[in-house]
Amino acid sequence: MKEQLQQLLIVSLEALLAEGVIAEIPTQIRLDHTKDKTHGDYATNIALILAKQAKCAPKVLAEKIIAKIGDSSLVNKTEIAGPGFINFFLSEASNSAVVTDILASAEDYGLSNVGEGKRVLLEFVSANPTGPLHVGHGRSAAYGATVANLMRAVGFAVDNEYYVNDAGRQMDILTVSIFLRYLEVFGEDLRFPDNGYQGEYIKDIAKSVVAEHGERWRKNADELFEDICKDEAEGGDKEAHIDAIIKRSKRLLGEGYQAVFRVGINSILGGIKDDLAEFGVDYQQWFSEQSLIDDGLAKSTTETLQETGHIYEKDGALWFKTTDYGDEKDRVVVRENGIHTYFASDIAYHLEKFDRGYDKVINIWGADHHGYIARVKASIAALNHDPEKLEILLVQFANLYRGGKKVQMSTRSGSFVTLEELRNEVGNDAARFFYVLRKSEQHMDFDLDLAKSKTNENPVFYIQYAHARICSVFRQAGEKGVTVNSSDADLSLLIEGSEKALLKELNRYKSVIESSALQYEPHQLAYYLRELATNFHSYYNACPFLVDDDALTQARLALIKACKQVLVNGLSLLGVGAPESM
RNA sequence: GCGCCCAUAGCUCAGCUGGAUAGAGCAACGGCCUUCUAAGCCGUAGGUCAUACGUUCGAAUCGUAUUGGGCGCACCA
C-alpha cells in the first residue's frame, strides 16, 4: 500500500523535474501513517522539504505535486494541510485489502526481504560460566533473541552465538571454589577464600563431584593450606592468597584438577543452556574461548599484530598500540607473568568472526562494557578489517522492584536474583515482554508485582486477552452454527469507526516490523501490539460480531481473524505465547 | 578529572532520526455487564519536554554550555 503511494509520488515528482520546477528528487521520500485521522491515512512532508530548492512556497509546490498525481483508485482524496503537508485519504477498498493479504499469508504475514539474505552473526549474553544467569543477563537474552527474530523476519540470515569464557583465571577460581566445598563435604575444616565464589550453587556442584568421583580427590586441608599467604580479611592480599591456593590445588590434585573443573563447567554451562532454552532463547553456536587457545589462534593473532608493528614491550608486558586507532590508552595483551589477557583472546575471537564471512557482526553487551568498544574496533582495524562491520548494541541494567522497593543485588556476595527465579516468579511470557518493552539503552525498572499481576493492568495479559477473546468469538460462532467463510467476505461492509481504526492499525504492521528490525528496537513492536489490542478491545465493545446479517458477520469475522493472525505473528516474534483462552 | 549513556504527566515510559493541538499505561475522578470473557470499554483531569542560549519556515528531536542521575576509565573478565 505504502509502496504504491510512494510510486505515485515519484511519478509526480519526475514530471515536475522534467518541467524544471524542482532540481532533484530526494532518495528517500517520507510517507508516514498519520496520528490523527482528520489528516487522512498517510501524509508526506515532501513539499516542505523541496520548497527551498524549488524557490516557491511549500503550499504552492504541494498543489503542483497533487496536480501531477491525478486520479488513482487507491486514493479517495488528497488535501494540503498545515504548512504544506499533503494528506492522502485512501479509498475504503485499499484500506480493507490488508485483511485479504493477512489471511492469505497467515503466519508468513509481515515477512519481507529487505535483509536480502545477508548473513549476520549476533552474539549476546555470553555471561561467564561461573554461576547461574541473573536478571541482568535476562534482559540481554530477551533483547538479543527478539532482535534475531525480527531480523530473520525481514530477511537476514542470523546466527545466534554465545561466547563461552571457559579459559583463564576465573575458571581457576571457580575450580578451586568447588574443590574447597568438596573437601567441606567430607568434614575438612578450612577457611573459604574471600575471593572465591560464595554462592550456594558451588556447594551443589561440590556434591555432584562427590556423586561422580566419591572420595577420590579428597585431600587434607592442612596440607592444602600449609604456608599459604594470608587472605584479605586476615590482613593479606586476596589475589595472592587465591592464586597460591590455585597453584597448590593443581599440584596436589594432578589430573583431578581437570576432573573437578569439568564437573563445574558442565554443570554451570548446562544450567545456563537449559535456562535460556526454557526462556525461548536459542543459539546456533556456543563458541569456546578455550578453543581459541587450543587451536593456537590466540597466539597467532598476537604474533600477527607483533609482525605488523602494532605491539611493543613495556614493563615486561606486551602492549597493543590501540591509541593508533583512537583508543584512550594502549592495552596489555600479554601480562608480565606471560599469561595473555582476556582482551588478547577477544581480538582473536573477533578476527575469527570476521573470517567466517558474515556480512554483519553484532555484539550485544551490557552497558558497563561501553569503554571496551574502542579497543575492540581498534583491533579489527589493525587486522585490516572494516570496524564499521561490527555493531555494538548496549543494554542497560534492569533494576527489580518488589512492593515498591528496589531489590538490592550484589554479585560478589552471591545475593542476586537469578533469571530462573524471575521466570518462575512472573512467568516466561511476562518476563520476555517486560524486558523488551523498554528501549535497550534506557535504564529500566522491572516491577515484579506488575509483571505477576493477573488481575491488574498488565500489558502482556492485555494483549493475550485480546487474542483469547477472538478465539472465544470463533468458538461461539461454531456453537451457533455459523460457517466461517472469510475468503468470500464482503469487506466493503466494514464502515464503522472502530472498524476503520482497526484496519488502519493492521495496515501499519509491516512497517513496524521493518522499523523494529532495522533499528534493533523490539519495543516498537511491543507498543504496536498493545495499540492493536486497544483497537480490538474498542471494536469488541462497540460492535457485536455475530449478528443476524450473515454477510456482515462474515466481514467482521474476517477482520478479527486477521487481527488474531497479526497478534499471533507479533507475539511470536517477541517470544510470547498467544493462549486461546484465559 | 576525562569519556559514554540518560533527563518528557504524580509513577513507569513512547514520541517513527526536524513537522500539524507532545501521546500511552498505571495511579485519581465519573460512567458502562439479563447481550460474543468487565483481565474489557467510554469520558474527565493531569505538561515551562531539566535549565539557558543557538541553528531555521518549524526543535522534545540537531549544536554549545550548565544542573542532576547512571556507567566506565586494570598486567579483572
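Letters A, B, ... mirror the listed sequences (proteins, then strands); counts begin at 1. All values reported here derive from a predicted model rather than from experimental measurement.
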For A/Phe85 and B/A20, are the ring centres under 5.5 Å apart with planes inclined under 30°? yes

Looking only at B/A24, B/C6, B/A77, the nucleotide nearest the A/Arg530 side chain is B/A24

A/Arg556 vs B/C36: side-chain N/O to OP1/OP2 distance below 4.0 Å: no

Is A/Asn45 side chain donor-acceptor paired with the B/A20 base, going by distance under 3.5 Å alone? no

Regarding B/C73, purine or pyrimidine glycosidic angle vs 90° from 0 gives anti

Regarding A/Asn87, tell me which of base, sugar-phosphate or nothing describes its non-hydrogen contacts under 4.0 Å with the strands shown. base

A/Phe397 near the nucleic acid: base, sugar-phosphate alone, or nothing, with a heavy-atom cut-off under 4.0 Å? nothing

Determine whether a donor-acceptor pair (N or O, by modelled atom type, separation under 3.5 Å) exists between the side chain of A/Lys561 and the backbone of A/Phe474. no

Looking only at side-chain N and O atoms, does A/Gln524 offer a donor or acceptor that is under 3.5 Å from a partner on A/Ser515? yes

How long is the line joining CE of A/Met171 and C1' of B/A77, in whole Å? 9 Å

Looking only at atom types and distance, does a side-chain atom of A/His443 sit under 3.5 Å from a main-chain N or O of A/Phe397, one as donor and one as acceptor? no

Want to settle it: does A/Gln396 or A/Tyr342 sit nearer the 5' end of RNA chain B, counting the closest nucleotide to each? A/Gln396

Its glycosidic angle compared against 90° from 0, B/U17 adopts the form syn

Which helical stems does RNA chain B take part in, if a stem means at least 3 consecutive Watson-Crick or G-U pairs with both distances below 3.5 Å? B:1-5 with B:69-73, B:10-13 with B:23-26, B:28-32 with B:40-44, B:50-54 with B:62-66

B/C57 to B/C16 separation - P atoms, rounded to the nearest Å: 22 Å

Mind checking A/Lys480 for me? I need base, sugar-phosphate or nothing, with any heavy atom below 4.0 Å counting as a touch. nothing

Proximity to the side chain of A/Asn128 - top-ranked nucleotide from B/A77, B/G15, B/U17: B/A77

Classify A/Ser538 by what it touches in the nucleic acid, base, sugar-phosphate, or nothing, heavy-atom distance under 4.0 Å. sugar-phosphate

Sugar-phosphate only, base, or nothing, as touched by A/Cys471 at under 4.0 Å among non-hydrogen atoms: nothing

Say you pick atom P in B/C6 and the same atom in B/G70; how far apart are they, in whole Å? 16 Å

When you compare B/G40 with B/A45, how far apart are their P atoms, in angstrom units rounded to a whole number? 23 Å

Please indicate yes or no: is the ring centre of A/His370 less than 5.5 Å from the centre of the six-membered base ring of B/G72, with the two planes inclined by under 30 degrees? no

Sticking with atom P, work out how far B/C62 lies from B/C49, rounded to a whole angstrom. 16 Å

Strictly distance-based, threshold 3.5 Å: is any side-chain N or O of A/Tyr143 a donor or acceptor partner for the main-chain N or O of A/Pro522? no

With rounding to the closest Å, how many angstrom separate the C1' atoms on B/C13 and B/A60? 14 Å

Closest nucleotide among B/A14, B/C75, B/C41 to the A/Asp315 side chain: B/C75

Have a look at A/Thr130 and say if it touches a base, only the backbone sugar-phosphate, or nothing, with a 4.0 Å heavy-atom cut-off. nothing

Against A/Phe434, only a single residue in A/Tyr401, A/Phe461, A/Phe446 fulfils ring-ring contact (aromatic ring centres under 6.0 Å, His included); can you say which? A/Phe446

Give me the one residue out of A/Val98, A/Leu506, A/Leu493 that meets side chain to side chain contact (heavy atoms under 4.5 Å, CB included) with A/Leu559. A/Leu506

Look at all strands and tell whether A/Ala477 reaches a base, only sugar-phosphate, or nothing, counting heavy atoms closer than 4.0 Å. nothing

How is A/Asp346 classified with respect to the nucleic acid when contacts are heavy atoms under 4.0 Å: base, sugar-phosphate, or nothing? nothing

For a quick check, tell me whether the side chain of A/His369 and the base of B/G72 share a donor-acceptor pair closer than 3.5 Å. no

Considering only heavy side-chain atoms of A/His523, the closest of B/G15, B/C41, B/C75 is B/G15

Which nucleotide in the list B/C36, B/G15, B/A14 gets nearest to the side chain of A/Glu521? B/G15

Can you give me the closest heavy-atom contact between A/Cys563 and A/Ile470, atom names plus distance? SG-CD1, 4.1 Å

Rounding to an integer number of Å, can you tell me how far A/Leu525 CG sits from B/A14 C1'? 14 Å

Can you check the A/Lys314 NZ to B/A74 P distance for me, whole Å? 12 Å

A/Tyr325 and A/His310 aromatic centres sub-6.0 Å: yes

Can you find a heavy atom in the side chain of A/Asp41 that is under 4.5 Å from one in the side chain of A/Asn507? no

Determine: side-chain N/O of A/Arg169 to OP1/OP2 of B/C75, distance under 4.0 Å, yes or no. no

In whole Å, what separates the C1' atom of B/G46 from that of B/A28? 9 Å

Side-chain contact check for A/His443: nearest option of B/G69, B/C75, B/A20 is B/G69

Rounded to whole Å, how long is the line connecting atom CD1 of A/Ile373 with atom P of B/A77? 19 Å

For A/Tyr372 and A/Glu441, take the nucleotide of RNA chain B holding the closest heavy atom to each; which residue's nucleotide lies nearer the 5' end? A/Glu441

note: A/Ile392, atom CD1; B/G3, atom C1'; distance rounded to Å ~ 16 Å

To the nearest angstrom, how far is A/Gln524 atom CD from B/C16 atom P? 9 Å

Select base, sugar-phosphate, or nothing to describe what A/Glu531 touches, counting heavy atoms under 4.0 Å on all strands. nothing

To the nearest angstrom, the CZ-P distance between A/Phe536 and B/C42 comes to 13 Å

Any base atoms under 4.0 Å from A/Glu336, or only sugar-phosphate, or nothing? Heavy atoms, all strands. base

Give a yes/no answer on whether the side chain of A/Tyr462 brings an N or O atom under 4.0 Å of OP1 or OP2 in B/C41. yes

A/Ala43 side chain: which of B/C13, B/A20, B/G15 is closest? B/A20

Check whether any side-chain heavy atom of A/Leu437 lies under 4.5 Å from a side-chain heavy atom of A/Pro459, and answer yes or no. yes

Any Lys/Arg nitrogen of A/Lys353 or A/Glu123 sitting under 4.0 Å from an Asp/Glu carboxylate oxygen of the other? yes

Rounded to whole angstrom units, what separation is found between the OH atom of A/Tyr527 and the C1' atom of B/G15? 10 Å

Given the P atoms of B/U55 and B/U61, what is the spacing between them in whole Å? 15 Å

Minimum-distance nucleotide (side-chain atoms of A/Phe461 versus B/G40, B/C36, B/A39): B/A39

N/O donor-acceptor pairs under 3.5 Å from side chains in residues 540-550 of chain A, not counting sequence neighbours:
unit_1: A/Asn541; atom_1: ND2; unit_2: A/His537; atom_2: O; d: 2.9
unit_1: A/Asp549; atom_1: OD1; unit_2: A/Ala551; atom_2: N; d: 3.0
unit_1: A/Asp549; atom_1: OD1; unit_2: A/Leu552; atom_2: N; d: 3.3

To the side chain of A/Asp368, which of B/C5, B/C71, B/G19 is closest? B/C71

Closest to the A/Gln442 side chain: B/G69, B/A77, B/A7? B/A7

